[in-house]
Amino acid sequence: MLVKVFMVMTINDPACPRTPGREVAMKVSRQQAEENREAIVRAASARVREQGLSQMSGAEVAKAVGLTHGALYSHFASKEALVATAIERAYAESVAAFAGLTAEQFVERYLSPEHRDDVGAGCPSAALLSEVQRQPEPIRIAFSDGVTRFARLIGDRLHVDPARDERVLFAFAAMVGGLAIARAIRDQDPATSDAMLRAVASQLKKTVLRRGGRKRSTASAAPRRPGPLSPAKARSG
């Protein structure tokens, strides 16, 4: 089955009338269209972390995957929709990268020089934190949902419920803040940047990980819908 993807381009062939912005309909297979969309999302996910929300360009993403600007927006209604999808993918990649680690391994990897330096493949929380509040609602929702997913992953590593144990939110905030500051000062003061990562990791191990957490009973645990992570809100219910 074929689907149409309309690509906007300028015709330079002397045999054709030079009509800037002339639309040329090109047919690609459904499989190719899906592959194109996947390439767009993958590239946008890395670039939004590297360049930030305001600096990421749809045209650059299209160029990176070998498509035209028009072809890119045949998959997304707007840049806002593209960015929201890119953030969702960024969190999915981060959750997958940290899943399966022990609590100590999680902290060590998150606060490592390698994670600090690999912004395009790193946690989007530290990369986008300062910009999200000023973004349209779909982008803020994608970011908030990602934060919830990542906090729940931390809770799983500690064997506690993030909605009822404030250590999870404390650990998450400390790691994100420490990583963001370490990135911000790395080029000007690399020694302090490294020390920042070590200090936060060390204190988390002393104040959070050593206290541990009792493993939740799977027999009594009932499925529940995702909700707010605030301990106060959880207790008030």
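Values reported hereafter were calculated over all heavy atoms of this structure, with side chains retained and with hydrogens, waters and symmetry mates removed.
The side-chain hydrogen bond (donor to acceptor under 3.5 Å, both in side chains) test applied to E93 returns R49, not counting sequence neighbours.
Between R42 and E38 there is a salt bridge, since at least one side-chain N of the basic residue sits less than 4.0 Å from a carboxylate O of the acidic one. Of the charged side-chain nitrogens involved, none lies within less than 4.0 Å of a carboxylate oxygen, so that R186 and D194 do not count as a salt-bridged pair. Checked for salt-bridge contact, R183 and D117 miss the test: no charged N lies under 4.0 Å from a carboxylate O.
A donor-acceptor pair under 3.5 Å is formed between the side chain of R134 and the backbone N or O of S130. With hydrogens and angles ignored, the 3.5 Å screen pairs a side-chain donor or acceptor of T207 with a backbone N or O of Q203.
In this structure, F106 and M175 have side chains that are in contact, with non-hydrogen atoms separated by less than 4.5 Å. Between Y73 and L67 there is no side-chain heavy-atom pair separated by less than 4.5 Å.
Closest of all the heavy-atom pairs between I40 and V61 is O-CG1, 3.8 Å.
Note that CZ of F98 and CG of L153 are 9.0 Å apart. Values are rounded to the nearest 0.5 Å.
Few gaps surround CD on Q105; more than 12 heavy atoms of other groups in view lie less than 6.0 Å from it.
For the residue pair Q31 and E35, a side-chain donor N or O sits within less than 3.5 Å of a side-chain acceptor on the partner. Counting only N and O atoms by type, the side chains of Q51 and E60 include a donor and acceptor under 3.5 Å apart. Side-chain N/O atoms of R116 and S193 include a donor and acceptor closer than 3.5 Å.
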